[in-house]
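Below is one structure, written out as structure tokens; the observations come after it.
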Amino acid sequence: MNIFVFSFTVQVFPPVNLTLTVSALAQVLLHWKPNPNQEQRNYTIRYDVKILNPVPEEYDTKKTHSIRTAALHNGFSAHVRTLLLHDDLQMRSDWVKEKIPPLPGAPETSVTNLSCVTRITISSTVSLHCTWLPGKGAPEDTKYFLFYRYETYTEECQDYIKDKWNRNTECRFSVTHIDPEEVDNLIVIHINGSSNYAAIKPFQQLFNQNAIEKVNVPRNLTVFLEQNDLLATWEKPISPFPKECFEYEFYLFNLKSGNKQILKISSNDFRLQIDVTSRYSIQVRANHHICCTRGFWSDWSEIIYVGQNKLENPIAWILAVLCVSACCTFLLIAIICKINHIWSKLFPPIPAPSNKFRDPFPNDYERARTCTSETETEFGSFAEDLYCSALDDSVF
């Protein structure tokens, strides 16, 4: 062991009895004691702590214990050394090392693609929904079990959704102990499992509570026109955070031209000059801003319509409508008249005059009488009319 000499009289000894204890899900208590051989005098003693696994981290502390939250399924290792301070001089001891081995289990049996979403309910509680995929090496009879830990509270899931092999792949907590007013606290998710054919390796993951929050939809969106301007107002989503903690996206769709706009807005009101001859559909959605880590964008609000499509030349439009209407009316009248034989009633055929004289052409006259004596119920063919008229002329 290397011992550093301070002013040739003071030695710096490493701490003793370093221990790592799993005190909760994904939580490790580091504890050590000062070296009994270390001289006190007028020196300041602190300790350097270096976390090597799973996430590298370095810090110093004057305490002889430290608590860290980390996913432990692949193990945990830490180094600690003594730091002696005097005026502007620093002396350090050697490192002492300790580790926690990885959690046991067969390779590729842990869950994969774990994702979680929280929502703040109307009653100001927080729901939690997690999904995952079974490990590639997990047997078909594998049963997974999910636990979440928030601060000191740990709870096992009771509401699972299963895949076609009857394996748990989703979990829902309608109510949790997650505090919606806290900022950037960690949620620990732990999933272990069991199988008759393999040891299932547990899996742990940490989530920032605000980063996985599905923000609620903005409320009471109101839109109206003021001359050539569109004015919109809405209320912040259901949340304990003040309105200054949100930003919005404003979706504006011109139904006449097909143009779309998505505008980012930091307040809950908006004014925009628009084309008053067009009709628009409008939606808005929200996300965290400034106060905490950004979460998932909310769903879009329900569509609201404003304005109405207007033609640039209304006179031409009116004339076109009148012309089309007149043509349709005339055509309809013609069809009705043809169906009900109105033409033959309005314009009956002219009867042939009586013949008081002996017809010198009886055969031709008989044929003419036959042609003109029949009551016409429809328009005859043009050729037959000509023929009958010719015979009448020959009679007279």
For [X] and [Y], work out which heavy atoms get closest and say how close.
X: P139; Y: Y197; result: CG-CB, 4.0 Å
X: P180; Y: I120; result: CB-CD1, 3.9 Å
X: N35; Y: P14; result: ND2-O, 2.9 Å
X: R167; Y: T142; result: CG-O, 3.1 Å
X: Q209; Y: T118; result: O-OG1, 3.7 Å
X: N37; Y: F13; result: O-CE1, 3.5 Å

| field | CA sep, side-chain torsions, deciding dist, call: T61, V49, side chain to side chain contact (heavy atoms under 4.5 Å, CB included) | value | CA-CA 8 Å; T61 178; V49 181; 4.2 Å; yes
| Given the rule in the side chain to side chain contact (heavy atoms under 4.5 Å, CB included) test, do T112 and K136 qualify, once you have shown the distances and angles that lead to the verdict? | CA-CA 9 Å; T112 60; K136 293 182 179 179; over 6 Å; no
| task | Show your working on side chain to side chain donor-acceptor pair (under 3.5 Å) between T233 and D269 and close with a plain yes or no. | result | CA-CA 4 Å; T233 61; D269 53 40; over 6 Å; no
Determine whether a donor-acceptor pair (N or O, by modelled atom type, separation under 3.5 Å) exists between the side chain of [X] and the backbone of [Y].
X: D48; Y: L83; answer: no
X: K236; Y: P242; answer: no
X: K260; Y: L252; answer: no
X: Y148; Y: H177; answer: yes
X: S301; Y: V284; answer: yes
X: Y280; Y: D275; answer: yes
X: H31; Y: T19; answer: no
X: N210; Y: D184; answer: yes
X: E247; Y: S267; answer: no
X: N268; Y: K243; answer: no

Ignoring hydrogens and geometry beyond distance, is a side-chain donor-acceptor pair present between [X] and [Y] at under 3.5 Å?
X: T21; Y: S23; result: no
X: N185; Y: Y150; result: yes
X: Y59; Y: S66; result: yes
X: S298; Y: N216; result: no
X: R285; Y: Q283; result: no

Side chains of [X] and [Y] in contact at under 4.5 Å (non-hydrogen atoms):
X: I187; Y: T176; value: no
X: N228; Y: I274; value: no
X: T64; Y: P34; value: yes
X: E181; Y: S124; value: no

| field | Any residue meeting ring-ring contact (aromatic ring centres under 6.0 Å, His included) with F270, in chain and number order, not counting sequence neighbours | value |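 For F270 the ring-ring contact (aromatic ring centres under 6.0 Å, His included) partners, ignoring immediate neighbours, are F250.
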| What residues form a disulfide bond (SG atoms under 2.5 Å apart) with C292, not counting sequence neighbours? |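 Applying disulfide bond (SG atoms under 2.5 Å apart) to C292 gives none.
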Within one Ile-Leu-Val-Met-Phe-Trp-Tyr cluster: [X] and [Y], side-chain cutoff 4.5 Å:
X: V217; Y: V117; value: no
X: I191; Y: I178; value: yes
X: Y251; Y: I303; value: yes
X: I265; Y: W297; value: no

Enclosure of [X] [atom1] (heavy-atom neighbours >12, cutoff 6.0 Å):
X: K97; atom1: NZ; answer: no
X: W300; atom1: CH2; answer: yes
X: Y153; atom1: OH; answer: yes

| said: Looking at D229 and R271, is there a salt bridge between them, counting it only when a charged N and a carboxylate O are closer than 4.0 Å? | reply: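 Yes, R271 and D229 are salt-bridged.
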Can you say whether the rings of [X] and [Y] are parallel (under 30°), tilted (30 to 60°) or perpendicular (over 60°)?
X: Y248; Y: W234; result: perpendicular
X: Y160; Y: F145; result: perpendicular
X: H288; Y: F241; result: perpendicular

| message | Using the rule given for side chain to side chain contact (heavy atoms under 4.5 Å, CB included), can you reason through V28 versus I100, listing the C-alpha separation, both sets of side-chain angles and the distance that settles it, and then say yes or no? | response | CA-CA 9 Å; V28 177; I100 297 174; 4.0 Å; yes
Under the salt bridge (Lys or Arg N to Asp or Glu O under 4.0 Å) test, which residues partner [X], sequence neighbours left out?
X: E235; answer: R219
X: R119; answer: none
X: R68; answer: E57
X: K264; answer: E249

| Would you say the SG of C116 sits under 2.5 Å from the SG of C130? |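 Cystine link detected, SG atoms below the 2.5 Å cut.
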| side chain to side chain contact (heavy atoms under 4.5 Å, CB included) partner of V188, chosen from T154, L72, L206 |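 Going through T154, L72, L206 one by one, the side chain to side chain contact (heavy atoms under 4.5 Å, CB included) with V188 is satisfied by L206 alone.
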| said: Here's a test for you: under side chain to side chain contact (heavy atoms under 4.5 Å, CB included), which of N53, I51, V22 qualifies with F76? | reply: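 Of N53, I51, V22, side chain to side chain contact (heavy atoms under 4.5 Å, CB included) with F76 is met by I51 alone.
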| request: Could you please spell out the steps behind the side chain to side chain contact (heavy atoms under 4.5 Å, CB included) verdict for L85 and R46? | output: CA-CA 8 Å; L85 306 176; R46 297 181 66 86; 3.8 Å; yes
